[in-house]
Protein chains: 2
Amino acid sequence: MQPPLEPCSRQLAAARQALSQAEIVCQQRGVRLTQLRRRVLEIIWHHSSPLGAYAILDVLRNDGRQGAPPTVYRALDFLLEQGLIHRLASLNMFMGCRQPGAHHSGQFLICQDCGQADELNNQTVEATLHTEAMARHFEVLAQTVEVLGRCLDCQEASRHGD
Amino acid sequence: MQPPLEPCSRQLAAARQALSQAEIVCQQRGVRLTQLRRRVLEIIWHHSSPLGAYAILDVLRNDGRQGAPPTVYRALDFLLEQGLIHRLASLNMFMGCRQPGAHHSGQFLICQDCGQADELNNQTVEATLHTEAMARHFEVLAQTVEVLGRCLDCQEASRHGD
DNA sequence: TATCTATTGTTATAGAATAACATCGAATGA
DNA sequence: TCATTCGATGTTATTCTATAACAATAGATA
Ligand SMILES: [Zn+2]
Ligand SMILES: [Zn+2]
Ligand SMILES: [Zn+2]
Ligand SMILES: [Zn+2]
């Protein structure tokens with residue numbers, strides 16, 4: 001897995017957009033996007049791949065801010081509740097959501113080589129799982145759908161590398 | 001979440017069946033289902049709901065066997081490799097597979113109240129995720145599909161409990 | 001038997017998440 | 001303006017999950 005890169009201009013733009021969207025969403029809902037929460041969201045968006053809580057904590061400490069695990073986990077809980085980020089259970093990592101506002105579970109393609117993750121929102125997958133659950137009288141509250149594999153870039157890299 | 005129950009006769013029967021199937025599968029593949037591995041598989045099947053690694057370790061120590069986390073994690077790794085158990089990423093727990101022999105990812109309905117989990121093998125879900133991945137030139141290696149919710153029993157229990 | 005390899009034992013540590021309590025700060029009302 | 005209140009953050013300690021590294025043992029092989 002490649003080391004975390006400095007944010008490129010595309011990422012910085014995505015982060016700016018995500019942050020301004022988050023401001024709007026939070027204002028509409030009457031919840032506070034505090035400095036800390038905003039900074040955690042920014043850190044996540046500045047990174048090219050999902051980040052672990054302790055990696056986020058390292059960046060916060062690098063900022064000069066004091067903090068401990070609860071600091072970052074509380075911010076992450078808030079962002080999860082507001083649907084601004086997703087948690088990847090198979091990685092214990094967090095990534096930004098590009099369609100906040102409407103809560104959803106999403107599905108994720110995770111590259112095992114470069115660590116990058118792509119969000120899908122396939123209605124067939126979600127609906128089929130709901131149907132299967134209903135057939136068993138099972139009440140669905142949340143879905144975790146994560147596909148581990150290799151992205152195109154990493155497939156090509158490994159072909160040329162061999 | 002209810003406390004772990006003693007295995008009922010249905011569970012004991014399921015465990016016996018799973019263990020004899022495991023013996024066959026391992027013999028066919030020329031891998032060794034040792035005492036330890038067999039016992040860990042048995043512990044998992046004797047339990048009504050998915051078990052964590054440290055809960056399994058407690059049972060092993062209760063057996064009188066000495067052991068530490070690597071003991072149980074190595075056995076779990078073996079059982080996972082042979083497709084005899086599944087790992088639930090959203091719970092950090094392990095459960096037996098009722099269709100071993102053919103490797104598969106499966107989908108899981110997990111009850112947040114009683115902790116029980118049901119395995120599905122819905123081809124539509126799997127195929128749709130493959131199609132979505134292919135459209136993005138993403139090579140699929142494994143799928144994690146877990147649905148959190150409430151089973152029928154727990155829905156009724158909560159209705160009567162209120 | 002002697003040797004080799006897979007398995008298990010053992011100690012220590014890394015990594016992820018939360019409990020419990022103290023402190024701070026923004027908003028509200030007197 | 002000041003006091004109060006409640007949400008947010010700081011702080012310490014602990015629990016839970018998982019692995020690294022090396023030693024000892026047991027099964028298979030020659
Ligand atoms: Zn999303
Ligand atoms: Zn990649
Ligand atoms: Zn299965
Ligand atoms: Zn239940």
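Lettering of chains follows the sequences in order, A, B, ..., and the numbering in each one begins at 1.
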Open item on the list: Please enumerate all residues that pass salt bridge (Lys or Arg N to Asp or Glu O under 4.0 Å) together with B:Glu42, with sequence neighbours excluded.
Closed with: B:Arg39
Task: Test item: side-chain donor near acceptor, B:Arg65 and B:Thr71, under 3.5 Å - done: no
Task: Outermost nucleotides of DNA chain D that come under 4.0 Å of a non-hydrogen atom of chain B - done: D:dT17 to D:dG27
TODO: Would you please name every residue forming a side-chain hydrogen bond (donor to acceptor under 3.5 Å, both in side chains) with B:Gln107, sequence neighbours left out?
DONE: none
Open item on the list: Side chains of A:Glu119 and A:His86: any donor to acceptor distance under 3.5 Å?
Closed with: yes
TODO: Please name the pair of heavy atoms, one in B:Asp113 and one in B:Cys154, separated by the smallest distance, quoted to 0.1 Å.
DONE: CB-SG, 3.6 Å
Task: Spacing between A:Leu51 atom CG and C:dA17 atom C1', to the nearest angstrom - done: 17 Å
- [ ] Go through residues 25-40 of chain A and report each residue with a non-hydrogen atom lying under 4.0 Å from DNA chain D, sorted by number.
- [x] A:Arg32, A:Thr34, A:Leu36, A:Arg37
Open item on the list: Atom CD of residue position B:Glu156 - does it have more than 12 heavy atoms of other residues, nucleotides or ligands inside 6.0 Å?
Closed with: yes
TODO: To the nearest Å, give me how far apart CZ (B:Phe78) and C1' (C:dT8) are.
DONE: 14 Å
TODO: Please name all residues satisfying salt bridge (Lys or Arg N to Asp or Glu O under 4.0 Å) with A:Glu23, sequence neighbours left out, ordered by chain then number.
DONE: A:Arg38
Open item on the list: In this structure, how many angstroms lie between the C1' atom of C:dT18 and the CZ atom of A:Arg87, rounded?
Closed with: 13 Å
- [ ] Pull out every residue in residues 58-76 of chain A that has a heavy atom closer than 4.0 Å to any atom of DNA chain D, ordered by number, or say none.
- [x] A:Arg65, A:Gln66, A:Ala68, A:Pro70, A:Thr71, A:Arg74
- [ ] Please examine the side chains of A:Ile85 and A:Ile44, heavy atoms only from C-beta on, and report whether any two atoms are closer than 4.5 Å.
- [x] yes
Open item on the list: Please report the distance, rounded to the nearest Å, between OH in A:Tyr54 and C1' in C:dA17.
Closed with: 6 Å
Open item on the list: I need the single residue from A:Thr128, A:Leu120, A:Asn122 that forms a side chain to side chain contact (heavy atoms under 4.5 Å, CB included) with B:Thr128. Which is it?
Closed with: A:Asn122
Open item on the list: Do A:Val72 and A:Leu84 land in one hydrophobic cluster if side-chain heavy atoms of ILVMFWY residues count as linked below 4.5 Å?
Closed with: yes
